[in-house]
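Remarks on the structure that follows.
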Amino acid sequence: GLADLDWQAMGIPTKAEFLAEYNARSGGQHVLTPFHEAFAFFRFGVIFIGIAERAAQGNAAGDAGKDAMRLARAFGRHGMEVVASA
């Protein structure tokens with residue numbers, strides 16, 4: 001994962017920096033709520049479940065399917081953490 005990496009050195013913006021840039025480019029004043037964050041985590045979880053299912057059926061495009069269910073569970077956990085802290 002990315003948790004232990006230096007995001008700034010990799011050019012990955014903070015949540016606040018990303019939202020400021022998004023608002024600057026969109027011309028809006030959008031707010032990122034816990035709903036938006038949880039929804040994004042759950043959405044990615046479902047995507048990875050689909051990848052895992054294709055891998056189990058032998059239809060995956062590569063070897064990435066091996067970690068897909070682990071990632072799906074991790075995204076689900078993160079989504080639930082966001083919901084619980086809201």
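Quick caveat: nothing in here was measured; it's all calculated off a predicted structure.
- Separating the CD1 atom in I49 from the CZ atom in R54 is a distance of 11.5 Å, to the nearest 0.5 Å.
- Remark: L5 CG to I12 CD1 distance equals 7.5 Å, nearest 0.5 Å.
- Between F42 and F75, the distance from one ring center to the other does not fall under 6.0 angstrom.
- Using modelled atom types, no side-chain atom of D67 and backbone atom of R70 make a donor-acceptor pair closer than 3.5 Å.
- L19 approaches L32 most closely through the heavy-atom pair CD2-N, 3.9 Å.
- Cluster annotation: F44 and L71 are assigned to the same hydrophobic cluster (Ile/Leu/Val/Met/Phe/Trp/Tyr, side-chain heavy-atom contacts under 4.5 Å, transitive).
- Side-chain contact between E37 and K15 is present, with heavy atoms from C-beta onward closer than 4.5 Å.
- Side chains of H30 and Y22 form a contact here, defined as non-hydrogen atoms less than 4.5 Å apart.
- Nearest heavy atoms, G79 versus A38: O-CB, 3.9 Å.
- Taken to the nearest 0.5 Å, the CZ atom of F18 stands 9.5 Å off from the CG atom of N23.
- In terms of heavy atoms, A52 sits closest to A68 at N-CB, 3.6 Å.
- Closest approach of P34 to V82, counting heavy atoms only: O-CG1, 3.4 Å.
- Between the OG1 atom in T14 and the CD atom in Q8 there is a gap of 9.0 Å [rounded to 0.5 Å].
- Using a cutoff of 4.0 Å between basic side-chain nitrogens and carboxylate oxygens, R77 and E81 are not scored as salt-bridged.
- The closest donor-acceptor contact from the side chain of R25 to the backbone of E21 lies at 3.5 Å or more, if one exists at all.
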